[in-house]
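In what follows, a single structure is set out as structure tokens and then discussed.
Quick caveat: nothing in here was measured; it's all calculated off a predicted structure. Side chains are part of it too, since the values below use all heavy atoms of this structure and drop only hydrogens, waters and symmetry mates.
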Amino acid sequence: MKKQNIMKTSKYFRCRNIERWIKLCICLCILISCKEKTSKIKGTTCADNSRPNIIFILTDDQRWDALGYVSNRVITPEMDRLAREGTYFSHAIATTPICAASRASIFTGQQERTHGYTFGKPALDSSTIDHVYASQLKKNGYHTGYFGKLGVKIDQPNRLFETADFYDRNTDKKNKEGYFYKTLEKDTVHLTRYTGEQGLNFIKNAPKDRPFCLTLSFSAPHAHDPSEQQYFWQEDQESFYKDQTMELPKLAKLKYYDSLPQVVKEGFNRKRWEWRFNTPEKYQQSVKGYYRMIKGIDNELGRIRNLLAFRGLDENTIIILMGDNGCYLGERQLAGKWLMHDNSIRVPLIIYSPGYDHKEIDDMVLNLDVPSTILDISEVERPSSYQGKSLMPYVKGENKDVRKMVLIEHLWDFDKIPASEGIRTSKYKYFRYIGIENSEELYNLEKDPEETINLAQKRDEHKKLIELREACDSMIHLYSKGNTNEL
């Protein structure tokens, strides 16, 4: 009898203990759930390692074919590896081919016609800045950093990032000090090396319990305009192209310059050509210098990827590489950018996302797609003010939203560079110079990719001219009102 009572008592306590453990587990689950909800309300996450890190690399004046993956005249092994392993966009377009407006589009996700920023304009307004990708990421738990050229007037830009250092070429110096004025351990180094080191240090010091978004904005390969030499590279790039003779561009002959409107012939595009390309010696020096500076960026990309692998971050870090606008390397006897030819508006764009197969995309994608893409990666809601779209469906092989046409524009009111606007489709390009009568140009890009045969006055292309002129007018109206709907 006594033994039975002991067994009943023991069973009773075992049951009570099980009940207590169940209640304790339920309480813990409720507590964790509440904590997660609170974190989401505040826009942060607890020990959030699930979302990927993001590195956005922006280069200055790197045209679309200044990449070994595209052209065998360029040596960029790290960029090539990124393109082979990731998604390469062969028709990425800077909607405005100038650094100020293009970078404003990258920040805001809007056309120049909508955000209204370029050289000579007031700083971007605070309501617009609240929606830039960096601000959205910072609010939603990302550790954010930015190093290098900003290129846009923003009041207190440091508030957008947890860590930032903004700098560009030293335009007060008319020699190599334009690029060589920053120091690392008392050694004066090229801005490219300095920016790369800033990126490495950011990754090393990033908190382990939060994802990071790092933007590295290189000043290279932009020429240092105040100097006679124009291009300055690092010593370890000196041997590249040394024994090569760079071929002249396809459109180097005088007849291509003569066919341009007078306002272009007398503008800054021609002046920059005289600085960089108007003698065989200058052409060789400048083109080699341009590619050597890109090789310097390529080296920094390699260092960054090595560090990610060493720290075990490579499988959870997405890398985006893009140029802010294209440039002329002597085509039509021009230099600089600003105009509507493909040399000027097409840029390299690569998205490397671990776990996805290599793809090459021929659809037109835009600089203002980058912020939507970054927010999609980070699982942050895209502001309604954005006019671009995420490119991650392309990376995942799911994209069905192909653009039929895009608006290209350059609206800076400056007498040395004519303003222009136009439309590009996969087959045609239409553009006109603003305020200049009879300045319309129309090209069949499939038959004439170099844009040498203006069809605007051809009777059999009149219907296409009217169609694209009206489409251009419609898109201008759409974006002038800040409408975010695509045509």
Arg193 vs Glu197, salt bridge (Lys or Arg N to Asp or Glu O under 4.0 Å): CA-CA, chis, key distance, verdict: CA-CA 6 Å; Arg193 177 79 273 275; Glu197 191 66 22; 3.0 Å; yes
Criterion salt bridge (Lys or Arg N to Asp or Glu O under 4.0 Å) on Asp342 and Arg424, from CA distance to verdict: CA-CA 10 Å; Asp342 269 11; Arg424 193 192 193 282; 2.8 Å; yes
Arg305 vs Glu85, salt bridge (Lys or Arg N to Asp or Glu O under 4.0 Å): CA-CA, chis, key distance, verdict: CA-CA 13 Å; Arg305 294 196 72 182; Glu85 295 174 353; 2.8 Å; yes
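Residue pairs that meet the ring pair (Phe, Tyr, Trp, His ring centres under 6.0 Å) test with at least one member in residues 116-141, sequence neighbours left out, are Phe119-Trp412.
Under the 3.5 Å distance criterion, the side-chain polar atoms of Arg63 are matched with a main-chain donor or acceptor of Cys327. Counting only distance, with no hydrogens or angles, the side chain of Asp448 and the backbone of Thr452 share a donor-acceptor pair below 3.5 Å.
For Gln457, the side chain to side chain contact (heavy atoms under 4.5 Å, CB included) test picks out no residue, with sequence neighbours left out. Residues that satisfy the side chain to side chain donor-acceptor pair (under 3.5 Å) test with Arg432, not counting sequence neighbours, are Glu421, Tyr430, Asp473. For Ser372, the side chain to side chain contact (heavy atoms under 4.5 Å, CB included) test picks out Arg382, Tyr386, with sequence neighbours left out. Residues forming a ring-ring contact (aromatic ring centres under 6.0 Å, His included) with Tyr394 (at least two apart in sequence, or on another chain): Phe89. Residues satisfying the salt bridge (Lys or Arg N to Asp or Glu O under 4.0 Å) test with Lys250, not counting sequence neighbours, are Glu450. Evaluation of the ring-ring contact (aromatic ring centres under 6.0 Å, His included) rule for Tyr291 yields Tyr241 as partners, not counting sequence neighbours. With sequence neighbours excluded, no residue forms a ring-ring contact (aromatic ring centres under 6.0 Å, His included) with Phe107. Here Lys271 pairs with Glu274 under the salt bridge (Lys or Arg N to Asp or Glu O under 4.0 Å) rule; sequence neighbours left out. With sequence neighbours excluded, no residue satisfies side chain to side chain donor-acceptor pair (under 3.5 Å) with Asp413. Under the ring-ring contact (aromatic ring centres under 6.0 Å, His included) criterion, Tyr428 pairs with no residue at all, not counting sequence neighbours.
Of the residues Val370, Leu349, Asn399, the one that meets the side-chain contact (heavy atoms from CB on, under 4.5 Å) test with Leu391 is Leu349.
Residue His358 qualifies as enclosed at atom NE2: its count of foreign heavy atoms under 6.0 Å is above 12. Asn72 CG: 12 or fewer foreign heavy atoms inside a 6.0 Å radius. For Lys265, the NZ atom is densely surrounded, since the number of other residues' heavy atoms within 6.0 Å is greater than 12.
With 3.5 Å as the limit, one finds no donor-acceptor pair spanning the side chains of Thr317 and Tyr352. For the 3.5 Å distance criterion, the side chains of Ser102 and Asn367 qualify, holding a donor opposite an acceptor.
Taking the six-membered ring where the residue is Trp, the centroids of Tyr328 and Phe277 are separated by 6.0 Å or more.
How far NZ of Lys404 is from CD1 of Ile423: 13.5 Å, rounded to the nearest 0.5 Å. Distance check: Tyr88 OH to Leu321 CG gives 11.0 Å after rounding to the nearest 0.5 Å. The structure places CD1 of Ile55 at 11.5 Å from CD1 of Ile374, a figure rounded to the nearest 0.5 Å. To the nearest 0.5 Å, atom CD of residue Gln285 and atom CE of residue Met246 are 11.5 Å apart.
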N/O donor-acceptor pairs under 3.5 Å from side chains in residues 219-233, not counting sequence neighbours:
| unit_1 | atom_1 | unit_2 | atom_2 | d |
| --- | --- | --- | --- | --- |
| Ser219 | OG | Asp168 | OD1 | 2.6 |
| His222 | NE2 | Lys337 | NZ | 3.4 |
| His224 | ND1 | Arg169 | NH1 | 3.1 |
| His224 | NE2 | Lys173 | O | 2.6 |
| Asp225 | OD1 | Arg276 | NH2 | 2.7 |
| Asp225 | OD2 | Arg272 | NH1 | 3.4 |
| Ser227 | OG | His224 | O | 2.9 |
| Ser227 | OG | Gln230 | N | 2.9 |
| Gln229 | NE2 | Tyr231 | O | 3.1 |
| Gln230 | OE1 | Arg276 | NE | 2.8 |
| Gln230 | NE2 | Asp225 | O | 3.3 |
| Gln230 | NE2 | Ser227 | O | 2.8 |
| Trp233 | NE1 | Glu238 | OE1 | 2.7 |

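With a 4.5 Å cut-off on side-chain heavy atoms, Leu329 and Pro249 do not count as touching.
Between Tyr179 and His190, the ring planes are parallel. Angles under 30° get that label, and only those over 60° would be called perpendicular.
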